[in-house]
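All values reported here derive from a predicted model rather than from experimental measurement. Naming convention: chains lettered A, B, ... in sequence-line order (proteins, then strands); numbering from 1 in each chain. No hydrogens, no waters, no symmetry mates; every other heavy atom, side chains included, goes into these values.
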Number of protein chains: 2
Amino acid sequence: MSDGWTEPSAGTAESHGKYISAIYRHMQILIAAELAPYRIGSGQYIFLMAIAGREGITQKELSESLLIDKTTTAKAIAKLEAEGYVRREANPADNRYQLLYLTEAGRDVVPKVQQGLNQVKSKASKGISDEDYAFMLDLLKQVLRNVSEHTRGGSAN
Amino acid sequence: MSDGWTEPSAGTAESHGKYISAIYRHMQILIAAELAPYRIGSGQYIFLMAIAGREGITQKELSESLLIDKTTTAKAIAKLEAEGYVRREANPADNRYQLLYLTEAGRDVVPKVQQGLNQVKSKASKGISDEDYAFMLDLLKQVLRNVSEHTRGGSAN
DNA sequence: TTAGATAGGATGTCATTGCAACTAATTGCA
DNA sequence: TGCAATTAGTTGCAATGACATCCTATCTAA
């Protein structure tokens with residue numbers, strides 16, 4: 001649709017990449033600002049919420065379900081642990097891995113983080129109907145499936 | 001709906017954030033791999049294409065139209081210049097501005113980069129009809145408008 | 001039992017990106 | 001005219017995140 005550069009039939013036209021990237025960067029800023037009071041960065045909240053959703057999860061499982069590199073996971077968990085929100089517990093049956101649990105402070109902060117995330121979500125989805133929003137999520141899921149198939153971290157790391 | 005954690009009416013339910021972030025990260029990887037032969041990273045291609053779309057643009061204008069911080073722009077342009085794809089020219093009327101142009105090598109590489117981006121786009125949009133894709137883009141644009149309103153870089157940097 | 005394979009993690013390095021603070025050039029107002 | 005404010009761009013620093021590589025613990029097979 002005329003952006004300056006060409007557009008032969010299907011393939012060259014406007015791509016989601018530009019918007020995905022811009023939205024991602026702005027969301028990072030909004031979330032970081034929202035969670036700064038709890039000393040939780042935009043790179044950690046997703047792990048905190050995932051652990052809240054299933055205590056006793058391992059780093060490997062986190063990496064797989066969030067499609068994030070395991071070393072990134074390791075560093076984020078280390079930060080959450082340093083802040084006192086997450087606790088590691090060696091699995092007595094297999095000392096190679098450690099089970100992740102929330103601390104008291106972690107359990108206290110999770111609802112606040114959830115609220116902050118809701119703030120950001122409601123800002124971001126203003127002017128979009130629930131149906132349209134749900135439809136967009138479905139399409140984004142399809143895109144994610146497509147792109148994660150083509151990268152190393154597609155299913156594991 | 002239903003991911004493990006709560007969902008009081010509208011606000012807590014599944015959010016685009018998770019998908020945006022995962023798609024962004026995987027796209028970065030795909031694009032970097034696609035453009036590696038030309039020594040153009042995932043952080044530079046968007047500037048190259050924007051300059052191709054309007055030669056003589058300034059860094060300020062790039063930052064505004066791409067919604068990217070001006071310091072990020074400065075660094076990306078420096079890399080493109082170091083690779084010999086972009087050339088800076090001082091504006092004689094106002095020495096604060098530098099006008100950006102493609103070099104010969106830049107003009108040569110642009111179609112190849114466009115092709116690489118098309119590759120990535122077609123991988124990413126597999127299984128999505130043109131209509132649905134266009135609809136998704138519209139929704140993403142709305143989300144971007146929403147989030148960019150709330151950050152410093154909303155209109156400028 | 002022990003060598004090799006496997007798996008969870010940790011560490012070092014690099015690219016992308018944003019913010020604070022700075023420089024240099026231009027503009028505007030007294 | 002002259003100095004303060006504005007504007008374009010740069011530099012230093014920090015956070016996010018991926019990849020390569022290494023360490024250690026566990027498991028498998030000879």
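- At a cut-off of 3.5 Å, with distance as the only test, no side-chain donor of B:R87 or B:Q98 sits close to an acceptor on the other residue.
- In this structure, the NZ atom of B:K75 is 17 Å from the P atom of C:dC14, given to the nearest Å.
- Scanning both residues, A:Y85 and A:Y38, for their nearest heavy atoms gives OH-O, 2.8 Å.
- Judged purely by distance below 3.5 Å, without hydrogens or angles, the side chains of B:N118 and B:Q114 pair a donor atom with an acceptor atom.
- When the side-chain nitrogen and oxygen atoms of B:N95 are compared with OP1 and OP2 of C:dT26, one or more of them lie within a distance under 4.0 Å.
- With no hydrogens or angles considered, no side-chain donor-acceptor pair links B:R39 and B:Q44 at under 3.5 Å.
- Pairing each heavy atom of A:I51 with each of A:I77, the nearest pair is CD1-CD1, 3.9 Å.
- Closest-nucleotide positions on DNA chain C for A:S21 and A:T71 were compared, and the one nearer the 5' end corresponds to A:T71.
- As a whole-Å value, the separation of B:I46 CD1 from C:dT16 P is 13 Å.
- A straight line from OH of B:Y24 to C1' of C:dG18 spans 11 Å, rounded to a whole angstrom.
- Between B:L99 and A:I40, the one whose closest nucleotide on DNA chain D sits nearer the 5' end is B:L99.
- A 6.0 Å sphere centred on CD of A:E89 holds more than 12 heavy atoms belonging to other residues, nucleotides or ligands.
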Please list each protein N or O that sits under 3.5 Å from an N or O in nucleotides 5-8 of chain C, with the distance.
from, atom 1, to, atom 2, distance (Å)
C:dA7, O4', A:R96, NH1, 3.3
C:dG8, O3', A:R96, O, 3.3

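- A:Q44 comes within 4.0 angstrom of sugar-phosphate atoms only, judged by non-hydrogen atoms across all strands, and of no base.
- Between B:R88 atom CZ and D:dA8 atom P there is a gap of 15 Å when expressed in whole angstrom units.
- The phosphate of D:dA18 (OP1 or OP2) has a side-chain N or O of A:T72 nearer than 4.0 angstrom.
- Rounded to whole angstrom, the span from the CD1 atom of B:I31 across to the C1' atom of D:dG17 amounts to 16 Å.
- The side chain of A:R25 approaches C:dT17 more closely than any other nucleotide in the set C:dC19, C:dT17, C:dA10.
- Taking 3.5 Å as the limit, the base of D:dG17 and the side chain of A:K79 contain no donor-acceptor pair of atoms between them.
- Protein atom CG of B:D69 is 14 Å distant from nucleotide atom P of C:dA21, rounded to whole Å.
- Between B:M27 atom CE and D:dA18 atom C1' there is a gap of 17 Å when expressed in whole angstrom units.
- The nearest whole Å value for the distance from the CG atom in A:L35 to the C1' atom in D:dT16 is 15 Å.
- Among the atoms of the strands shown, only primed sugar atoms or phosphate atoms (P, OP1, OP2) are found under 4.0 Å from some heavy atom of B:S42.
- For the pair B:R25 and A:L67, the tightest heavy-atom approach, listed with the atom from each and the gap, is NH1-O, 2.8 Å.
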